[in-house]
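In what follows, a single structure is set out as structure tokens and then discussed.
Since this is a predicted model, take the numbers as computed values, not measurements. One-based numbering, in listed order, for ligands and for the atoms of each.
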Amino acid sequence: MNIVTEHTEEITQVKVPLPFPLRWVNAYLIRGDNGYTVMDPGLHTPDAEALWLQVLQERGIGFEHVEQIVLTHHHPDHYGMAGWFQERTGAPVLLSETGYAQVQLLWGAEQPMSALLLKLFARHGFPQDGLDEMTKHMVSFVEMVSPQPQVTLLREGPVRLGNRVYEAIETPGHAAGHLVFYDGEAQVMFCGDHVLPQISPNVSFLPQVEENPLGAYLSSLQEIGRLPVKMAYPGHREPWPLFSARAAELVRHHHERLALMEDQLSASLSAYDVCRATFGDRLSIHQMRFALSETIAHLILLEAEGRIRQDDPTAEYIRYITVSK
Ligand SMILES: [Zn+2]
Ligand SMILES: [Zn+2]
């Protein structure tokens with residue numbers, strides 16, 4: 001496997017290692033007359049640090065040649081190294097306003113998201129004895145996103161990456177405030193984790209963030225799926241040309257999963273029950289966190305569409321059941 005791939009004279013992909021089954025995140029070095037843009041530099045681990053030092057040295061790129069650090073979204077596997085780069089380069093770190101708000105919820109003072117998420121999971125039937133492990137899991141990320149950068153807010157609209165002007169387009173769903181960067185003339189898109197080849201991007205419900213994240217995901221997928229794209233550069237796996245086809249496939253995948261969950265709910269079940277029926281019983285705590293948030297996102301959409309309802313709102317935890325037609 002190539003760690004570094006030069007796709008064009010301007011665009012170089014760097015696979016930054018991750019200690020998860022995903023294995024790596026794609027960072028991109030985008031070369032321009034004013035220096036390099038580093039997109040999504042990765043999760044901060046000793047291995048990622050070592051890789052960056054080696055890649056920069058081999059390519060003769062000094063820290064002073066880094067013009068800016070641009071983030072598609074705030075997830076730790078993309079954001080984690082941003083502060084490390086900023087410390088060494090003094091370059092601005094660009095992130096959307098909604099993404100920055102979540103950085104503060106997740107890893108700001110007292111990390112309010114941990115408590116909110118645990119409360120949500122308990123309401124949806126996640127067993128009490130698993131909550132401690134889930135807390136430890138959440139806290140373990142703080143180190144991997146430190147030091148945290150000073151963030152410059154990035155809005156939708158034109159943004160220069162290297163020598164070309166891209167359109168930053170907000171594509172919520174996988175992450176609120178997620179941005180893709182589209183060059184309509186070259187028909188090139190940096191799509192972050194919004195659309196991935198082979199993998200279905202996680203769509204999580206998070207408290208205080210987005211009321212119906214799957215609804216937002218499906219509409220933004222349909223919207224950007226219409227754009228002509230000859231090459232898409234994703235956050236994971238390899239760049240690929242058939243962007244629109246993949247976007248349409250992901251829309252189908254979620255509609256199938258919604259139908260499946262609706263069927264399961266002919267019996268009254270909690271989101272945790274539906275999660276285990278859908279994703280299996282043998283998930284790690286990391287996988288469980290995303291599987292359960294994803295299940296809740298699907299159930300919220302089904303409820304919004306009037307296909308399921310809460311069975312007994314006074315019960316200790318929420319159970320859902322299909323609305324009989
Ligand atoms: Zn992500
Ligand atoms: Zn990612």
Legend entry - Any pair counted as salt bridge (Lys or Arg N to Asp or Glu O under 4.0 Å), so long as it reaches residues 274-295, sequence neighbours left out: Asp273-Arg276, Arg276-Asp281
Inset, instruction - Under 2.8 Å from the Zn ion (ligand 1), how many protein N/O/S atoms do you get? Just the number, please. - result: 4
Legend entry - Any His254 side-chain heavy atom under 4.5 Å of Tyr217 side chain: yes
Inset, instruction - Quick one: list whatever passes side-chain contact (heavy atoms from CB on, under 4.5 Å) with Glu238, sequence neighbours left out. - result: Gln13, Lys15, Trp24
Inset, instruction - Describe, in one word, how the ring planes of Phe63 and Trp84 are oriented to each other, choosing from parallel (under 30°), tilted (30 to 60°) and perpendicular (over 60°). - result: perpendicular
Legend entry - Side-chain donor-acceptor pair present, Glu6, Thr12, cut-off under 3.5 Å: no
Legend entry - Qualifying side-chain hydrogen bond (donor to acceptor under 3.5 Å, both in side chains) pairs, either residue in residues 186-198, two or more places apart: His73-Asp193, His78-Asp193, His174-Asp193, Asp193-His236, His194-Ser220, Gln198-Arg237
